[in-house]
Amino acid sequence: MSVTKPSQEKPGCGDLSKELGAFRTYLKSNGYRVTREREAIAEAILRNHEHFDVDELFMELRSRKPISKASIYRAIPLMIKSGVLTEVYMEDGHMHYEKAYGREHHSHLRCLNCRRIFEFSAPELAQVEKRIARQEGFKSLGHKFEIWGLCSNCQGQIAPAKGGGS
Ligand SMILES: [Zn+2]
Ligand SMILES: [Zn+2]
């Protein structure tokens, strides 16, 4: 298949207020309070343009605000439901996330050696999703496609110690 542009640019840098607005709107319309803590977590997450996990976010937040990991774990599902955040991939037993607001659907290549993540979009995948869903009489709402292995820099180096799997 032909892989279209691997988007490594920083998308949606100027959309922070819109993204926060979308999150606030979700909270209010679903009976959740818009607390300072939730806003601080959301803002830190939405400023982050990389793929991240809770530990990384916690370390970053901790240097500025007394926010517990538990609060982060509680805020994340709300952010996912509000559509500003999405789950990306599992690594070492925990989930990694990225911003979703205003971003096009894309898939990931994950290097098991250097752990870099590469993004790509391939419209064929949407067609495969539709075809399989149709065959199975399934109403699809999305799909995930991930390739793990060794990036071009890491090929030729020692094989990774751990297999992938997600
Ligand atoms: Zn690599
Ligand atoms: Zn991504």
Side-chain angles (χ1 to χ4, degrees), residues 1-26 38-61 69 72-133 140-166:
M1 72 172 63
S2 68
V3 171
T4 53
K5 71 164 181 125
S7 61
Q8 288 296 308
E9 80 273 19
K10 311 290 182 200
C13 282
D15 288 346
L16 186 63
S17 59
K18 276 189 202 163
E19 292 167 272
L20 277 172
F23 182 51
R24 277 190 209 111
T25 303
Y26 170 83
R38 279 181 181 143
E39 291 216 304
I41 294 168
E43 193 173 332
I45 286 176
L46 297 172
R47 276 187 194 289
N48 189 331
H49 296 284
E50 306 296 329
H51 307 94
F52 65 92
D53 65 15
V54 169
D55 282 345
E56 286 164 7
L57 182 70
F58 176 65
M59 297 296 271
E60 189 198 316
L61 267 169
K69 246 188 223 188
I72 297 174
Y73 277 114
R74 283 194 299 267
I76 280 177
L78 296 174
M79 293 187 68
I80 290 174
K81 283 190 195 138
S82 76
V84 299
L85 188 70
T86 188
E87 294 181 332
V88 188
Y89 61 95
M90 288 286 286
E91 192 173 73
D92 300 335
H94 57 265
M95 187 55 76
H96 288 66
Y97 306 88
E98 73 180 331
K99 291 173 23 147
Y101 187 90
R103 293 213 59 193
E104 274 176 44
H105 184 275
H106 62 273
S107 300
H108 297 91
L109 295 143
R110 184 158 64 89
C111 180
L112 299 177
N113 190 54
C114 67
R115 304 194 159 218
R116 281 169 69 197
I117 302 295
F118 304 84
E119 298 183 335
F120 68 92
S121 45
E124 302 93 307
L125 294 174
Q127 290 158 21
V128 173
E129 174 193 330
K130 285 199 185 81
R131 177 169 54 79
I132 293 173
S140 71
L141 297 171
H143 71 266
K144 259 182 199 157
F145 182 80
E146 181 185 311
I147 298 172
W148 59 89
L150 297 171
C151 73
S152 54
N153 284 338
C154 293
Q155 290 164 41
Q157 293 184 20
I158 304 159
K162 280 184 192 171
S166 57

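Counting convention: from 1, in listed order, for ligands and their atoms alike.
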Review point. Any salt bridge between R103 and E119, counting N to O under 4.0 Å?
Key: yes
Practice item. Evaluate the side-chain proximity of I76 to I45: yes if any heavy-atom separation is below 4.5 Å, no if none is. Key: yes
Exercise for review: Would you mind reporting whether R24 and E39 have side-chain heavy atoms less than 4.5 Å apart?
Suggested key: yes
Exercise for review: Mind listing the protein N/O/S atoms less than 2.8 Å away from the Zn ion (ligand 1)? Waters don't count.
Suggested key: C111 SG, C114 SG, C151 SG, C154 SG
Exercise for review: Show the numbers, then the answer: is there a side chain to side chain contact (heavy atoms under 4.5 Å, CB included) between I117 and E50?
Suggested key: CA-CA 9 Å; I117 302 295; E50 306 296 329; over 6 Å; no
Review point. V84 versus Y26: any side-chain heavy-atom pair under 4.5 Å?
Key: no
Check your understanding: Do the side chains of F23 and I41 get nearer than 4.5 Å, heavy atoms only?
Key -> no
Practice item. Evaluate the criterion side chain to side chain contact (heavy atoms under 4.5 Å, CB included) for residue pair Y97 and I80; output intermediate values, then yes/no. Key: CA-CA 9 Å; Y97 306 88; I80 290 174; 4.0 Å; yes
Revision key, fill the gap. Residues passing the side chain to side chain donor-acceptor pair (under 3.5 Å) test with K69, sequence neighbours excluded, are D55
Review point. So how many protein N, O or S atoms does the Zn ion (ligand 2) have within less than 2.8 Å?
Key: 6
Study note, to complete from the structure: ring-ring contact (aromatic ring centres under 6.0 Å, His included) filter on H108, not counting sequence neighbours, yields H51, H106
